[in-house]
Each structure stands twice: as structure tokens, then as C-alpha cells.
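Inspection log for the structure reproduced underneath, given as C-alpha cells.
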Amino acid sequence: MMRAEALKQAGGPPRPGADKDRDATVLARLAALKEMTVNEMKAEWRRLFGADAPNNSRPFLEMRLAWRIQELSYGGPSRETVRLLDALADELHGKPGRKALIADPRKPVAGTRLVREWDGVEHTVTVLRDGFEFEGRKYKSLSAIARAITGTRWNGWRFFGLREIGRDKP
Amino acid sequence: MSSAPETIRVVIPLAVKRRNGRPRILPPANIEAASEGATPDPRLLRAIARAWDWRRRLDRGEAATLKDVAVAEGVTVPFISRFLRLAYLSPEVLEHLLIHRCPCVLSLDRLAAAALAPWVEQRDTVFDE
């Protein structure tokens, strides 16, 4: 019994659903949050974050307090998850890491062949997971391939007729 | 009846399943497993990344209110408050979506709503199977 407890301690806090008592305590605290006034929430904030609440918005305080309560009981995201989230967020600001993590929604599934006729010759490009293959060479962009074919600068998506795919953003 | 029939009928059992909130036609699991590894929906990644970015800005104090974020992003406050929730999904769900790349069965809107549920309930709502 003692050993089981010790092992549990070593593995960090249990995941949600692993420990009934812990889940019940957390659910009770989340329910209590809903009953609080904004002032009580701000006091709770000071207790849990050790700082003043950033504003007086009830939904905002409630969501973040609920998260904090659960983080203290179950633990937060793994270091790996946080690193990935940071990298994804940085990518949005044009600070790409080694490699783009968010795929371009216009890009077709790997293995797709794109065929484009130019000057009476058919050119075939294969979509790879991290780029494109054309005449045995690997390219990072379709524009580079379009340039190799035509000798002039083209928008690669447009040259291969992919411009209108995946236009809708979230 | 001189010539043999020329048509061959190939039957592949396809299933309609929800992926990223949209119904998709999917081949059976053994064929799916043989194809290229699942890539996460770029829209989902982008939406979560945006939400995480807003959360970081609020946590660092670069933006004090949702209104600051909305102005900087050129969107409305309700948009921010709805999709900011994606950054407050349970760590378990975030890990499954981002690292293990489990397909999410909810639309972005419903995924954002699911973030408000207690962590114990989130995993079953977001993934089926």
C-alpha cells in the first residue's frame, strides 16, 4: 500500500479520470467557481496565481481560474506540448523554425501527381511530404519548378492550378 | 455467350466518419494504416496556434484585454473570446491533437465550446473510437 502511494507520487499527479476522489474534488471546486461573485473570483485569483487579476471580466476569469485549478490538480501540458505550441505560434508571425509545422492547406496529399502542359510538353510533379519532386530533383516550392519549366517567375500554385483550393480560413 | 464478361467489380467498404467536424469518406482501417501517416488538419493547427499566441500575449501582459488583441488582429472581440478557448483545452487533449495527431471529430466551433468542460470529460467529447 505504502509502495503504491510512493509510486503514484513518483509518476506525478494522476491524469483526469484516474483518481475518483481527485476528480470529485476538482468538479466541486469548478462548481463553486460558478457560484462566486467577481470579487470572490479576484480573491481566488490572487490566491492561485499570486498576482492581481488582470481584469473584471467574469467569463475570462472563470475560464482561466478553472484551468488553473485543474492544472494544480492534474499538472499542466508536457514540455513537449508547450514547445510545439510555442513553435506553431511563432510560425504565424513568420518566425519559422527549421521546418514549417503547419502545412499549407492548398497542398494536396503526398503522392499526388500534378500535370501541367507547357509549350506542348507535359510536365509531371510529385507532391512529397515536405516538398515536391520534379525530374528527379527535390524542390521546396512549386514556384521554383514553374521557373525551371518556363524560365520566368510564376506563382507556383497558380501555374499548377491549385490557387483556388483551400481558400477558406478558420 | 461467346465472350467472357469484361467488367470486374471491386468492392471496397468505405465508411463515412466525422473528421475535423466534417463528414469524410474513409477506407477501412487496414488500408488507412498502409497509407501515409496522418497529417493534422492545417486549419486546426493554425486555429490552435493563434489561440496560443493570444494566450501568451495576455499572460505576458503585452495585451491587457481581449479588445487589445482583437484590435491588433483586426477581428472582433466575440471572435477572440470564442477561439481563445482553444488555448485552454485540457493538456491531454492538446497533446493528442498536436503530438499524437488524433483526428478530432468536432468542428472548430464545437471544439472551442468543449474547452469549457471539465478536463475529465474533454477527451471523450473530442475523439471518438
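Everything quoted here is computed from the prediction, not taken from an experiment. Chain naming here is simple, since letters A, B, ... match the order of the sequence lines and numbering starts at 1 in each.
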(message) As an exercise: rank A/L88, A/I69, A/N55, A/D86 by heavy-atom pairs under 4.5 Å with chain B and give me the winner.
(response)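 Ranked by heavy-atom pairs under 4.5 Å with chain B, first place is A/D86.
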
(request) Tell me, for A/E62 versus chain B, whether the close heavy atoms (under 4.5 Å) come from the side chain, the backbone, both or neither. (result) neither

(message) Less than 4.5 Å to any heavy atom of chain B: does that hold for the side chain of A/L85, its backbone, both, or neither?
(response)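 Backbone plus side chain of A/L85, per the 4.5 Å heavy-atom cut-off to chain B.
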
(message) Check B/E92 with A/R15, please: is the shortest side-chain N to carboxylate O separation under 4.0 Å?
(response) yes

(request) Test the A/R68-A/F49 pair against the cation-pi criterion, namely NZ or CZ under 6.0 angstrom from the six-membered ring centroid and within 45° of the ring axis. (result)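 The answer is yes, since A/R68 meets both limits relative to A/F49.
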
(message) Ring-plane angle category for A/F60 and A/W45, please: parallel below 30°, perpendicular beyond 60°, tilted otherwise.
(response)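 Taking A/W45 first and then A/F60, their aromatic rings lie parallel (interplane angle under 30°).
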
(request) Assign the ring pair A/W154 / A/W118 to parallel, tilted or perpendicular, where the plane angle (0 to 90°) is split at 30° and 60°. (result) perpendicular

(message) Same cluster or not: B/W54 versus B/V71, using hydrophobic residues (I, L, V, M, F, W, Y) connected whenever any side-chain heavy atoms lie under 4.5 Å apart?
(response)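 Shared cluster, no.
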
(request) Answer with side chain, backbone, both or neither: which region of B/R55 has an atom nearer than 4.5 Å to a non-hydrogen atom of chain A? (result)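 Just its side chain gets close to chain A.
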
(request) Against chain A, label B/D59 side chain, backbone, both or neither, depending on which of its atoms sit under 4.5 Å from a heavy atom there. (result)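 It is both, since atoms from each part get that close.
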
